[in-house]
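Note that this is a predicted model, so its numbers are computed, not measured. Ligands are counted one by one from 1 in listed order, and the atoms in each one are counted from 1 as well.
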Amino acid sequence: MDLPLLEQTLRERGEPAFRARQVWEWTARGASGYDAMTNLPRTLRSELAEVVPFSTLDVETERESRDGTVKTLFRTADGHPVEAVLMRYRDGRRSLCLSSQSGCPLTCTFCATGAMAFGRNLTASEILDQALHFRRLTQVDHAVFMGMGEPMLNLDEVLSAARRLPDLGITHRRTTISTVGWLPGLRRFVDEVGEPIRLALSLHAADDELRSRIMPVNERYPVAEVVAECRRQAEATRRRVFVEYVMLAGVNDAPEQARALAELLGRDHFKVNLIPYNPWAASVGGEADARPNTPPTAAGAASVGGEADARPNTPPKAAGGLYEGSSRDRIAAFRHELERARVPVTVRLTRGRDIEAACGQLAAAPRVRRRSAPSSQPAPARRPAAGAPRSRT
Ligand code: SAH
């Protein structure tokens, strides 16, 4: 629901100030539409239904995994794809994985979202509507901003959405915002966010040379600065920052790399989450042609040379196909090294892989279907923060 539009509509109609809150409370508790809001005058309900669409997002497809994970592909009103995931765990936990952007302007070489065209930042309402969609299906209690996009490039809208999640049943302590380490946003997060929202850092390599090769953003914001900023957060909040580390066979999974990681992080401020690599090249398939095959930096180009085929119209060879996931033994050995160094570590349970809903597998064709007239170009609601890499469309 477009909340600014709701408020404006109610104001123009001369409604009392509490109306917007009433509508929001019903919505946050999983109401199926305005009709269900029985403490609102009937005429107001039908007028709202006409003027303020109940959701800013249309559901395009929804798939359910064998493990109960649900992945939904939405479209914004101007045609951008957005994916979000509901994970249901045996212990009853219901966790949402939310997107902050349609696509992503960063180009992490192992991530499917980075291989699709970047669309735009999502508004707070569009982020909340992902969560509200699942709230209408079930109670929810956790949320991670680990879907499409880089939250720190869209921090204001992400925070504005995160601040309303408690109304859906998701407390700040059960909300996690994940970042590649985009420093301008990350600094603001550390300085400005008073709520106990958890921070997660997608690190994936402990040294600049390797990290720049697999995550070009590292050229701009190197490991030491990013880790220092996260340490500042851990000290200020006395809560550990989660470190995500995707296990790529023969790339970042050697025991000495685990020791270097332990050395970098220390015992007190971080908890490492080892993520089994989720393959995606096959699933992205023809859609990957939106990816300019040349990585944005020279270092990146050199490193992923095999897939750096910049010729137009050649069949896409997605970067995801470059990698293989580390074996279980290799992951166990890596974990063991961290444990020996007394760095807290867990191995992430992979969910929803059979429906391409697992980490790094979210990607969708940029413009399959558009509701608005084909001539109208979707205008970005908001540009990425100054200094953001240019869209790769
Ligand atoms: N841009 C933010 C939010 C996305 S989080 C960030 O990167 O932190 C998505 C997480 O999934 C990140 O930790 C990302 O590195 C990880 N990931 C990406 N591709 C993956 C893959 N193919 N397999 C497993 N994890 C992957």
Please output the residues near ligand 1 using a strict heavy-atom distance under 4.0 Å, listed in chain and residue-number order. Phe110, Cys111, Phe145, Met146, Gly147, Gly149, Glu150, Pro151, Ser178, Thr179, Val180, Ser202, His204, Glu244, Val246, Ile275, Pro276, Tyr277, Asn278, Trp280, Cys359, Gly360
Could you see if Met146 belongs to whatever hydrophobic cluster contains Val180? Use Ile, Leu, Val, Met, Phe, Trp, Tyr and a side-chain cutoff under 4.5 Å. no
Report yes if the side chains of [X] and [Y] come closer than 4.5 Å at any heavy-atom pair, otherwise no.
X      : Y      : answer
Lys271 : Val345 : no
Thr9   : Leu6   : no
Val85  : Val70  : no

Quick one: closest heavy-atom pair of Glu83 and Ala363, and the distance? OE1-N, 3.0 Å
Distance flag, aromatic centroids of His204 and Phe110, threshold under 6.0 Å: yes
